[in-house]
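Report on the structure given below.
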There are 2 protein chains.
Amino acid sequence: MTSHIEQLCIEKGLKMTDQRRVVARVLSEANDHPDVEQVHIRAMRIDPNISIATVYRSLRLLEEASIIERLDFGDGRSRYEEACERHHHHLIDIQTGEVIEFINDEIEELKRKIAHDLNYRLIGHRLELYGIKRRTDKDE
Amino acid sequence: MTSHIEQLCIEKGLKMTDQRRVVARVLSEANDHPDVEQVHIRAMRIDPNISIATVYRSLRLLEEASIIERLDFGDGRSRYEEACERHHHHLIDIQTGEVIEFINDEIEELKRKIAHDLNYRLIGHRLELYGIKRRTDKDE
DNA sequence: GTGAGGATGCAAATCATTCTCAAGTGTCAG
DNA sequence: CTGACACTTGAGAATGATTTGCATCCTCAC
Ligand SMILES: [Mn+2]
Ligand SMILES: [Mn+2]
Ligand SMILES: [Zn+2]
Ligand SMILES: [Zn+2]
């Protein structure tokens, strides 16, 4: 009954309301990267009265608690996903909008090294790739 | 008298107006990554009547002609820089807002390889690092 | 069970950016 | 020179995502 994200909220001592439970559940059940409007639509299927303002507020709360992550694919809308899994980045298919996740330790190490060489400690980073599907026969 | 960017505009056959010349000059003379408001302020020092709408329009024109590049440091405002130099990325000092440019061929190659392995052709990518200055004695 | 502090819904406000439109400018034919 | 056509500009209105003010409602530690 309690979603994974709701569980994390409880552990962090966040006050839980019906609306927050709904948003938590929507994001727990999502396996894509919904924007705020999509979260709102899915939330309204559970509670038709939930307002978009509350969705915004709940998402911000969850993000500030590091329970979810905000993503920015450059289209002017914030997208969200559960933060618990392994750190990864996204390849966005610019033709279909499809999002492919990838993990690459080499690139993570390289980024840390670049920052270090510039005499900085790396706090955060953004990386997205944008591409189009490749015909398997031809390369590059 | 004609700025470097104005020269590029002429070569591309863009119709030049006084206002476009001013925006071109502001960006040619900039050695930072100004946002639209900053470009407008600098432009008004040359032509006090230039409107923000024209600055937006000129920046879009220059960007579409690949003469300048739009940057997004995650603060909700577009920033711009001349595009002619070598492809590079940015490390943003989250305490001071200072921007450090860096070039890293290894990371570029790695990104292409990641996309290729996912069966995609890489069209574009975003990469920014966010960090804080490191005391030179202690590491990591 | 109660109360104080926090949360909600709604509408209005922000903020960056784009658009509308009337007026201005440049280029060229006649 | 004159008019026509195409394009540009400034001002302000419009847009779209997000935040906020406010009156009301709910949660949770006591
Ligand atoms: Mn993801
Ligand atoms: Mn730069
Ligand atoms: Zn990473
Ligand atoms: Zn690059």
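Below, read A as the first sequence line, B as the second, and so on, with proteins coming before strands; counting in each chain starts at 1. Every heavy atom of this structure was used, including side-chain atoms; hydrogens, water molecules and symmetry mates were not.
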Give a yes/no on whether any side-chain N or O of A/T54 is located under 4.0 angstrom from OP1 or OP2 of C/dG9.
yes
Chi angles and distances behind the salt bridge (charged side-chain N to carboxylate O under 4.0 Å, His left out) call for B/R86, B/D105: CA-CA 11 Å; B/R86 253 186 97 191; B/D105 294 329; 3.1 Å; yes
Margin query: So for atom CD, which belongs to B/Q7, do other residues, nucleotides or ligands contribute more than 12 heavy atoms lying within a distance under 6.0 Å?
Written below: yes
task: Look at B/R21 together with B/D47 and state whether they make a salt bridge at an N to O cut-off of under 4.0 Å.
output: no
- Task: Please determine if B/R60 and B/E63 form a salt bridge, counting it only when a charged side-chain N lies under 4.0 Å from a carboxylate O.
- Result: no
| request: Take B/R25 and B/E29 through the salt bridge (charged side-chain N to carboxylate O under 4.0 Å, His left out) test and state the conclusion after the steps. | output: CA-CA 6 Å; B/R25 182 174 145 196; B/E29 290 176 357; 3.2 Å; yes
To the nearest angstrom, the CG-C1' distance between A/N49 and D/dT24 comes to 15 Å
When rounded to whole Å, the CG to C1' distance for the pair B/L62 and D/dT8 reads 14 Å
Between CD of A/E63 and P of D/dT18 the distance, given in whole Å, is 11 Å
Any side-chain N or O of A/Y56 under 4.0 Å from OP1/OP2 of D/dT19?
no
Note: contacts of residues 38-45 of chain B with DNA chain C (heavy atom, under 4.0 Å) are none
Note to self: Taking the ring centre of each residue, are B/H89 and A/H125 less than 6.0 Å apart?
What the structure shows: no
Whole-Å distance, B/L61 CG to D/dC7 P, equals 13 Å
Contact under 4.0 Å: A/S78 side-chain N or O vs D/dA17 OP1/OP2: no
Exercise for review: Decide yes or no, distance alone: a donor-acceptor N/O pair under 3.5 angstrom between the base of C/dG6 and the side-chain of A/R57.
Suggested key: no
Of B/K15 and B/I50, the one whose nearest nucleotide on DNA chain D sits closer to the 5' end is B/K15
Between CG of B/L59 and P of C/dT17 the distance, given in whole Å, is 10 Å
- With side chain to side chain contact (heavy atoms under 4.5 Å, CB included) as the test, would you mind laying out the steps for B/L61 and B/R20 before giving the verdict? CA-CA 9 Å; B/L61 182 83; B/R20 287 180 185 175; 3.6 Å; yes
Is the A/H90 ring parallel, tilted or perpendicular to the A/H33 ring (thresholds 30°, 60°)? perpendicular
To the nearest angstrom, the CG-P distance between A/D75 and C/dT17 comes to 15 Å
Side-chain contact check for A/R77: nearest option of D/dA11, D/dA17, C/dA16 is D/dA17
Worksheet item: Are the side chain of A/K133 and the backbone N or O of B/N119 linked by a donor-acceptor pair below 3.5 Å?
Response: no
Assert: residue with more 5' nearest nucleotide on DNA chain C, out of B/G76 and B/A53, is B/G76
Just call it for B/D35: base, sugar-phosphate, or nothing, with non-hydrogen atoms closer than 4.0 Å on any strand.
nothing
Numerically ordered, the residues 17-25 of chain A set in heavy-atom contact under 4.0 Å with DNA chain C is A/T17, A/Q19, A/R20
To the nearest angstrom, the CD1-C1' distance between A/I52 and C/dT8 comes to 14 Å
_Using modelled atom types and a 3.5 Å cut-off, is there a donor and acceptor pairing between side-chain atoms of B/R126 and backbone atoms of B/D72?_
yes
Rounded to whole Å, CG of A/L14 lies from P of C/dA7 at a distance of 9 Å
